Amino acid sequence: MTQHPPKERIEQLRHLINDYRYHYHVLDESTMSEAAADSLKHELSQLEEQYPELVTPDSPTQRVAGVALDKFEKVTHIYPMLSLNDVFDRSEVQAWVTRIDKLLPGRTHEFFCDIKMDGLACALIYRDGVFVRAVTRGNGQIGEDVTVNVRTIPSVPMNLRTVKGYEAFLTGRTEVRGEIVIFKKDFDALNAAQKAAGKPLYANPRNLAAGTIRQLDPEQVASRPLTFRAYNLIREDAADVPTNSYAYETLRALGVAANQQASVFTSVDDIMTFVDEWADKRQQLPFNTDGLVVKVNDRQLFEELGIVGKAPRAAVAYKYPAEEATTVVKDIVISIGRTGAATPVAVFDPVHVAGTTVQHASLHNADEIARLDIRIGDTVVIFKAGDIIPQVQNVITDLRPSDSKPFYFEEALQHQYPELTFERPEGEAVYRVQGSSSDLILKRSIEYYASRGALDIDTLGEKNVNALVDAGLVKDLADIYTVTVDDLMKIDRFANISAKKLVAAIGEKKTPALEKFILGLGIRHVGTQTAIDLATAFESVDALAVATIDQLEAIDGIGTVVAESIVAWFSDPDNEALLKKFVSVGVTPHYQRKTGKLIGKAFVITGTLETMSRDQAAERIRNLGGTFQSSIAKDTDYLVAGSNVGASKLTKAKQYGTAVISEADLEELLG
Ligand code: IVH
């Protein structure tokens with residue numbers, strides 16, 4: 001073996017790892033698998049351990065969390081970090097542009113628009129292309145040195161890339177400004193883990209990102225999924241960066257991620273088109289946003305326009321309509337999820353927030369209730385983040401009625417579920433049904449779902465249910481639809497025939513009658529008649545899921561207790577997830593209208609039809625009260641055979657006594 005320090009190998013490894021990082025974070029593409037990249041990083045850190053004299057501060061290994069700090073040092077920003085004035089509609093954008101026109105008469109302007117990220121601002125300082133310091137915004141003049149923490153963020157490059165044409169940025173001081181965010185999916189995963197561990201949930205990605213950066217222990221920071229996106233590039237010589245669009249282009253070339261959505265426009269009309277385009281599409285962005293940033297593109301003009309107060313005249317933040325609203329808490333009910341966890345849900349007077357009506361929100365757990373000090377009768381601020389799930393932001397205690405009483409969780413459990421006992425395991429925030437046998441609850445709920453009055457699934461009785469759950473094959477109601485014959489064969493209880501029989505029996509019940517499905521969900525206080533009434537009134541699970549208490553109470557026979565129980569069930573995040581899962585495994589409850597000449601008739605179409613599409617046929621059948629099924633079951637009345645019909649379908653039809661009819665026959669039935 002050679003005894004020479006493997007300088008060349010180390011340099012090659014660094015280059016390759018940096019290149020991987022650049023492609024991944026800036027270009028959103030992958031040059032090798034994560035595992036391969038990890039393996040190279042491992043080799044590099046071993047070499048550096050062996051040859052410490054070859055370690056450089058910008059080596060990818062230097063991202064590792066350093067020692068914990070006592071406090072952060074204060075740092076004065078060379079260029080203050082300004083804030084932005086808000087504009088809310090077209091007329092305010094127009095007024096802003098008119099003001100600029102007045103101040104700079106006779107000059108045309110380009111406007112640079114980007115998504116406004118909802119995170120915390122941070123300045124990264126590079127010296128001769130090497131990352132040396134990160135500073136928070138602080139009060140705009142003085143921030144805190146959070147270098148050790150920011151080092152752990154994978155999308156922050158430890159050195160700027162060397163690219164032809166951009167060499168100037170690798171000498172002297174280059175400041176990169178941007179936002180540190182936590183992606184929505186990462187945040188949801190973190191909260192799911194918190195919940196599973198019975199720990200309190202984080203309020204929103206921005207607070208979590210801000211709290212994380214202020215952590216004194218970089219190890220903690222490294223474990224949180226922070227992402228950096230740049231929006232500004234500053235050089236001592238302002239001429240290095242003539243426009244904001246050039247700043248973005250340069251940032252990407254240097255290996256710093258900047259939003260790809262950012263664009264240049266020349267008129268208010270075009271700015272507003274961009275505003276409208278992102279009004280809805282922003283929900284699909286990986287991070288939360290409440291608006292856009294619009295800046296004069298030319299940086300010389302930007303400077304000339306100057307600063308008023310703490311904000312530059314040359315930029316504004318366009319804010320989308322408020323995602324907050326106030327309402328009154330009518331009740332707090334507790335929903336018992338499939339794991340036996342008790343989730344409190346606040347029920348409100350329905351209120352419109354960011355395009356939808358909100359009438360309930362999960363309060364997550366007893367700790368969250370204590371933190372909010374929320375009481376029935378309180379006026380609360382409802383907040384809807386970029387995503388769909390509304391949350392209680394805070395209580396307006398000044399509006400608290402004099403007779404309000406605090407919410408006592410254990411008392412409420414006792415009141416709502418007198419037959420159950422609950423426990424709150426040491427160190428957990430969540431109450432669970434005692435012995436929680438979360439398995440026990442699951443078993444009983446599957447049994448109920450499969451029982452005769454509900455889905456009526458053949459052979460899925462107590463013993464088989466117990467076996468499925470005990471084997472870990474089924475973790476919620478929807479899972480029964482994913483069980484295969486092979487899965488079952490691994491359980492002692494099943495032989496080939498019994499396994500096939502059970503799988504077929506479950507598969508047959510993928511299009512249950514809506515009222516049976518509603519009943520099968522096991523919503524407290526919803527029995528057979530109520531399930532039928534609900535199906536008749538709402539005609540779909542989706543409509544029922546967003547029903548208001550008032551709408552429910554308007555149905556004969558449904559009172560407050562039942563209405564609240566229904567609302568609580570549909571607002572439990574576990575149940576929302578369960579309903580989505582039913583859809584994804586292909587369960588589509590159907591509602592049979594009570595009018596029309598095809599009432600009670602179920603159709604399956606096979607092969608290709610000449611005069612209408614399958615969807616059109618389905619719609620026409622449904623309009624006449626018939627039901628449309630995706631596959632033949634015992635209750636199928638007609639199999640409509642188009643051209644190219646498979647033999648197996650016909651055999652099945654024969655077996656079930658289903659009438660096989662032609663497309664012409666169908667036309668006649670549809671009249
Ligand atoms: S440009 C003069 N672009 O919004 C400040 N800022 O309200 C010019 N922000 O402190 C900033 N996304 O932390 C800009 N695409 C974006 C942004 C953005 C988020 C934040 C930034 C700034 C605050 C201004």
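Sequence positions, counted from 1, serve as the residue numbers for this chain. Owing to the predicted nature of the structure, the values given are computational and were not obtained by experimental measurement. Counting starts at 1 for both ligands and their atoms, following the listed order.
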For this session: Start with the C-alpha gap between L44 and L40, add the side-chain angles, then the distance that decides, and say whether side-chain contact (heavy atoms from CB on, under 4.5 Å) holds.
Result: CA-CA 6 Å; L44 178 60; L40 295 179; over 6 Å; no
For this session: Quick one: do N259 and R229 satisfy side-chain hydrogen bond (donor to acceptor under 3.5 Å, both in side chains)? Show the steps, please.
Result: CA-CA 7 Å; N259 289 334; R229 289 274 173 106; 2.8 Å; yes
Atom pairs and distances, donor-acceptor, side-chain atoms in residues 28-35, under 3.5 Å, two or more places apart:
residue	atom	partner	partner atom	Å
E29	OE2	H23	ND1	2.8
S30	OG	M32	O	3.0
S33	OG	A36	N	3.0

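Heavy-atom proximity to A121, at under 4.0 Å, picks out these atoms of ligand 1: 13 (O). Proximity to K295 (heavy-atom distance under 4.0 Å) selects the following atoms of ligand 1: 1 (S). Near I115, meaning under 4.0 Å from one of its heavy atoms, ligand 1 places the atoms 12 (N), 15 (N), 16 (C).
Under a 4.0 Å N-O distance rule, the pair D58/R151 does not qualify as a salt bridge. Salt bridge status for K185 with D188: absent, with no side-chain N to carboxylate O gap under 4.0 Å. A salt bridge does not link R14 to E11: none of the charged side-chain nitrogens sits closer than 4.0 Å to a carboxylate oxygen.
For ligand 1, one of its N or O atoms has an N or O atom of D114 under 3.5 Å away. Between P312 and ligand 1, no pair of N/O atoms sits closer than 3.5 Å.
The ring pair (Phe, Tyr, Trp, His ring centres under 6.0 Å) contacts involving residues 235-263 comprise F112-Y248, where partners must be two or more places apart or lie in separate chains.
L84 CD2, 4.0 Å is the protein heavy atom nearest to atom 8 (C) of ligand 1. Ranking the protein heavy atoms by distance from atom 17 (C) of ligand 1 puts Y231 CD2, 3.5 Å first. The closest protein non-hydrogen atom to atom 12 (N) of ligand 1 is M117 N, 2.8 Å. At the shortest separation from atom 7 (O) of ligand 1 among protein heavy atoms lies K116 CE, 3.5 Å.
Contact between A315 and ligand 1 is absent, with no heavy atom of the residue lying under 4.0 Å from the ligand. Heavy-atom distances between M81 and ligand 1 stay at or above 4.0 Å for every pair. Ligand 1 lies out of reach of R229, whose nearest heavy atom is not under 4.0 Å from it. Using a 4.0 Å heavy-atom cutoff, N232 is absent from the residues neighbouring ligand 1.
Residue contacts with ligand 1 for V293 involve side-chain atoms from C-beta outward but no N, CA, C or O (heavy atoms, distance under 4.0 Å). Contact annotation: for E179 versus ligand 1, heavy atoms closer than 4.0 Å belong to the side chain alone. When non-hydrogen atoms are compared, ligand 1 lies under 4.0 Å from neither the backbone nor the side chain of A317.
Note that CG of L301 and CD of E304 are 5.5 Å apart. Values are rounded to the nearest 0.5 Å. E144 contributes atom CD, which lies 10.0 Å from atom CG of N139 (distance to the nearest 0.5 angstrom).
With ring centers used as reference points, W278 lies 6.0 Å or more from Y318.
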